[in-house]
Amino acid sequence: MFSLLNSFRIIAILEGVSYLLLLFIASPYKYFTEDETYVRLLGMPHGILFLAYIVFAIVVGQQLKWKTRTLLIVLIASVIPFGTFYIEKKYLKNKTT
């Protein structure tokens, strides 16, 4: 059964992967070939995952009674490459709700 925390863990990983693909594959490909195909394919799913990550971070933060500082770290990590993987390992793994 999927708990809110497990759903957030999955979203964090997917958001991180989509961000890395967009940043290191799709964007360079776009600028070297002037073909926006991969940016268009990855842009919308990444945007949806990013918004879901933010919403889930706030909800899970309230549920786990995170301090404001912890919540800010989790939110800022969403815009740093590999940040969501760090958050998943440090703040989400082996936690119970």
Side-chain angles (χ1 to χ4, degrees):
M1 185 166 137
F2 284 100
S3 68
L4 194 60
L5 181 63
N6 285 336
S7 297
F8 182 47
R9 290 181 68 209
I10 291 168
I11 288 170
I13 291 168
L14 291 174
E15 196 276 336
V17 169
S18 72
Y19 186 41
L20 292 176
L21 289 172
L22 194 59
L23 193 63
F24 294 117
I25 306 280
S27 292
Y29 183 80
K30 173 187 170 185
Y31 290 108
F32 287 126
T33 66
E34 297 181 13
D35 180 6
E36 296 181 0
T37 303
Y38 294 118
V39 172
R40 288 183 187 203
L41 287 173
L42 292 170
M44 180 66 75
H46 170 69
I48 292 168
L49 287 166
F50 176 77
L51 292 175
Y53 179 89
I54 299 300
V55 170
F56 271 76
I58 293 168
V59 172
V60 169
Q62 290 174 344
Q63 189 177 29
L64 295 178
K65 296 177 176 58
W66 284 342
K67 295 179 182 177
T68 304
R69 182 177 187 268
T70 302
L71 180 60
L72 287 175
I73 290 169
V74 170
L75 293 174
I76 290 169
S78 67
V79 295
I80 299 171
F82 301 100
T84 59
F85 302 115
Y86 169 78
I87 296 302
E88 194 276 330
K89 184 171 182 158
K90 175 148 176 130
Y91 293 100
L92 305 178
K93 198 168 191 173
N94 300 323
K95 302 289 184 206
T96 58
T97 56

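Taken to the nearest 0.5 Å, the CG atom of L42 stands 10.5 Å off from the CG atom of L49. Note that the CD1 atom of I11 and the CD1 atom of I48 stand 11.5 Å from one another [nearest 0.5 Å].
The hydrophobic cluster containing Y38, built from Ile/Leu/Val/Met/Phe/Trp/Tyr side-chain heavy atoms closer than 4.5 Å, also comprises Y29, L41. When hydrophobic side chains of Ile, Leu, Val, Met, Phe, Trp and Tyr are connected at separations under 4.5 Å, L72 ends up as a singleton with no cluster partners.
The shortest heavy-atom contact between L20 and F85 is CD1-CE1, 3.5 Å. When all heavy atoms of F56 and S7 are compared, the closest pair comes out as CE2-CB, 3.7 Å. Here the shortest heavy-atom pairing between L22 and G43 reads CD1-N, 4.2 Å. Annotation for S78 and F50: closest pair OG-CE1, 3.3 Å, computed over non-hydrogen atoms.
V39 and V79 fall into different hydrophobic clusters, where Ile, Leu, Val, Met, Phe, Trp and Tyr residues are linked whenever their side-chain heavy atoms come under 4.5 Å apart, directly or through other members.
Every side chain to side chain contact (heavy atoms under 4.5 Å, CB included) that P28 has, sequence neighbours left out, goes to F32. Remark: S27 pairs with no residue by the side-chain hydrogen bond (donor to acceptor under 3.5 Å, both in side chains) rule, at least two apart or across chains. Judged as a side chain to side chain contact (heavy atoms under 4.5 Å, CB included), and not counting sequence neighbours, the contacts of I25 are L21. Qualifying side chain to side chain contact (heavy atoms under 4.5 Å, CB included) partners for I80, counting only residues two or more places apart in sequence or in other chains: I76. Listed by chain and number, the residues in a side chain to side chain contact (heavy atoms under 4.5 Å, CB included) with I10 are F2, L14 (sequence neighbours excluded).
Contact check for L75 versus I54: side-chain heavy atoms found under the 4.5 Å cut-off. Side-chain atoms of L5 and L64, non-hydrogen and from C-beta on, do get closer than 4.5 Å to each other. A heavy-atom distance below 4.5 Å is found between the side chains of I87 and I73. Within the 4.5 Å cutoff, side-chain heavy atoms of Y86 are placed close to those of Y91.
Judged by distance alone, with hydrogens and angles left aside, the side-chain atoms of Y19 form no donor-acceptor pair with the main-chain N or O of P81 at under 3.5 Å.
Pairs engaging residues 19-30 under the salt bridge (charged side-chain N to carboxylate O under 4.0 Å, His left out) rule: none recorded [sequence neighbours left out]. For residues 33-62, the set of pairs meeting the salt bridge (charged side-chain N to carboxylate O under 4.0 Å, His left out) definition, not counting sequence neighbours, comprises E36-R40. Legend: salt bridge (charged side-chain N to carboxylate O under 4.0 Å, His left out) pairs involving residues 4-21, not counting sequence neighbours, sorted by first then second residue: R9-E88. Listed by first and then second residue, the side-chain hydrogen bond (donor to acceptor under 3.5 Å, both in side chains) pairs involving residues 46-60 are S18-H46 (not counting sequence neighbours). Identified under the salt bridge (charged side-chain N to carboxylate O under 4.0 Å, His left out) test for residues 58-69, with sequence neighbours left out: none.
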